Amino acid sequence: MAVAEEHRIDRSITIKAPPERVWRALTNPAELSTWFKVQIEGELAPNTEVWMTSTHAGFEGQRFHVRIVEMSPPHRLVWQWHPGEVDPNVDYSREPRTTVTFALEPVAGGTKVNLSETGFDAIALARRAKVFADNSQGWAEVLGWLQQYAE
Amino acid sequence: MPSRVADSGPRVRTGAKRRIAGAAALFAALGDPTRLALLEHLSDRGPASITMLADRFTAMTRQGVTKHLHVLAAAGVIDGSRLGRERVWALNPERIADAQRHLEVLAREWDDVLSRLKAHIEDSV
């Protein structure tokens, strides 16, 4: 059993569309809000911060800060965040954030989107796990995904 | 969100709080390269005493090894049992799996997000 793996998530998906089209879906607030299921306050631009409020079933109203680190069209979008329930008594400027990277790779027939999330630490993971611990619908959804993967 | 938690009742909230505290301790224990190296040794070579580990990890003092082992034990990642004169420490595989499970849950969430991105683009012509 590997115990010394770095805490990170790597996922990818191939989309039948050119990178420019995928880039627009990632960075245009109207489009991003549709598929990412958030309401976005502000525009996505390098070195800026936006507020996102979740519109996803079971997580509605959760509002969190996202710092845009890099936008290199149409190749890389990088942001830092700490999603999950935002407690007004907590100063989140001091809380560790994870880094999310969308790297777009042209492939035959479209674009491969390589997603990674890195920088998990004790607090970030515990807080994210809390989102599922508190939300029974979240777990039902997770079990649904697990079932799909097992089939 | 608050109303959903209230509907769950006080027993569920207490359980969730315990899990969160447990998860935070777990990842604090794992988030140190020296402790990870100690865990890898226990995983690869089996149970070991502080003396054996201090001999193996020459850059660490016996005190340093002891300190790290206590953090790992407090998080439930290793268990100690007495064998002769010294305690022998062994990996608790279930606790390690917890960390992986947390990450897998989050990874599944990202899979769902990426599927929605794909559907959004491909289904709108």
Side-chain angles (χ1 to χ4, degrees), chain A residues 1-5 7-17 21-22 24-26 31-32 34-37 54 56 58-62 85 100 102 110-111 113 115-117 120-139 141-142 144-146 148-149, chain B residues 1-2 4-5 7-8 12-13 15-33 35-44 75 77 91 93 95-122 124:
Chain A
M1 171 186 312
V3 297
E5 290 163 6
H7 291 150
R8 59 178 292 142
I9 293 169
D10 291 288
R11 284 306 207 241
S12 64
I13 200 165
T14 299
I15 299 176
K16 298 184 189 104
R21 174 66 190 98
V22 178
R24 195 173 81 230
L26 285 173
E31 291 208 47
L32 178 60
T34 302
W35 63 268
F36 201 52
K37 300 198 181 180
S54 179
H56 194 35
F59 304 92
E60 298 98 334
Q62 283 188 12
E85 216 167 310
V100 172
F102 293 91
T111 305
V113 178
L115 176 282
S116 72
E117 186 165 12
F120 286 100
D121 71 345
I123 297 169
L125 264 163
R127 190 169 281 132
R128 294 277 289 280
K130 179 190 193 322
V131 173
F132 288 98
D134 279 355
N135 189 311
S136 58
Q137 181 170 339
W139 277 115
E141 225 171 39
V142 166
W145 305 328
L146 288 171
Q148 281 178 329
Y149 274 85
Chain B
M1 198 64 191
R4 192 179 290 271
V5 171
D7 289 343
S8 304
V12 171
R13 289 206 74 184
K17 276 188 183 157
R18 260 205 304 276
R19 279 199 296 280
I20 296 153
L26 172 64
F27 290 112
L30 297 178
D32 176 281
R35 285 198 283 275
L36 286 176
L38 286 167
L39 279 178
E40 238 183 347
H41 181 92
L42 292 174
S43 173
D44 292 344
V77 173
L91 205 64
R95 266 307 250 168
I96 304 294
D98 282 349
Q100 274 308 109
R101 265 199 294 275
H102 284 310
L103 278 172
E104 278 162 21
V105 163
L106 298 177
R108 300 279 184 252
E109 187 182 6
W110 274 118
D111 283 334
D112 185 55
V113 165
L114 291 176
S115 297
R116 297 202 308 261
L117 169 64
K118 180 179 166 80
H120 170 84
I121 291 171
E122 292 184 358
S124 65

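Naming convention: chains lettered A, B, ... in sequence-line order (proteins, then strands); numbering from 1 in each chain. Keep in mind the model is a prediction, meaning the values are calculated, not measured.
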- Run the numbers on A:E117 and B:L106 for side-chain contact (heavy atoms from CB on, under 4.5 Å), then give the verdict. CA-CA 10 Å; A:E117 186 165 12; B:L106 298 177; 5.7 Å; no
- Identify, with sequence neighbours excluded, every residue that meets side-chain hydrogen bond (donor to acceptor under 3.5 Å, both in side chains) alongside B:K118.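 Testing B:K118 for side-chain hydrogen bond (donor to acceptor under 3.5 Å, both in side chains), a comparison that skips the adjacent residues, returns B:E122.
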- Query: Residues in side chain to side chain contact (heavy atoms under 4.5 Å, CB included) with A:S12, at least two apart?
  - Reply: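 Residues passing side chain to side chain contact (heavy atoms under 4.5 Å, CB included) with A:S12: A:K112, A:N114.
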- Output, in order, the C-alpha distance, side-chain angles, deciding distance and verdict of side-chain contact (heavy atoms from CB on, under 4.5 Å) for A:F36 and B:L117. CA-CA 7 Å; A:F36 201 52; B:L117 169 64; over 6 Å; no
Which value, rounded to the nearest 0.5 Å, describes the distance between [X] atom [atom1] and [Y] atom [atom2]?
X      : Y      : atom1 : atom2 : answer
B:E109 : A:R11  : CD    : CZ    : 12.0 Å
B:I121 : A:R24  : CD1   : CZ    : 8.5 Å
A:W35  : B:R116 : CH2   : CZ    : 8.0 Å

- Between A:T14, A:L26, A:D10, A:V113, the one whose heavy-atom pairs under 4.5 Å with chain B are most numerous: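 Winner by heavy-atom pair count: A:T14.
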- Query: Nearest heavy-atom pair of B:A107 and A:I9: which atoms, and what distance?
  - Reply: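 The answer is N-CD1, 3.7 Å.
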- Part of A:V22 within contact of chain B (heavy atom distance under 4.5 Å):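 It is both, since atoms from each part get that close.
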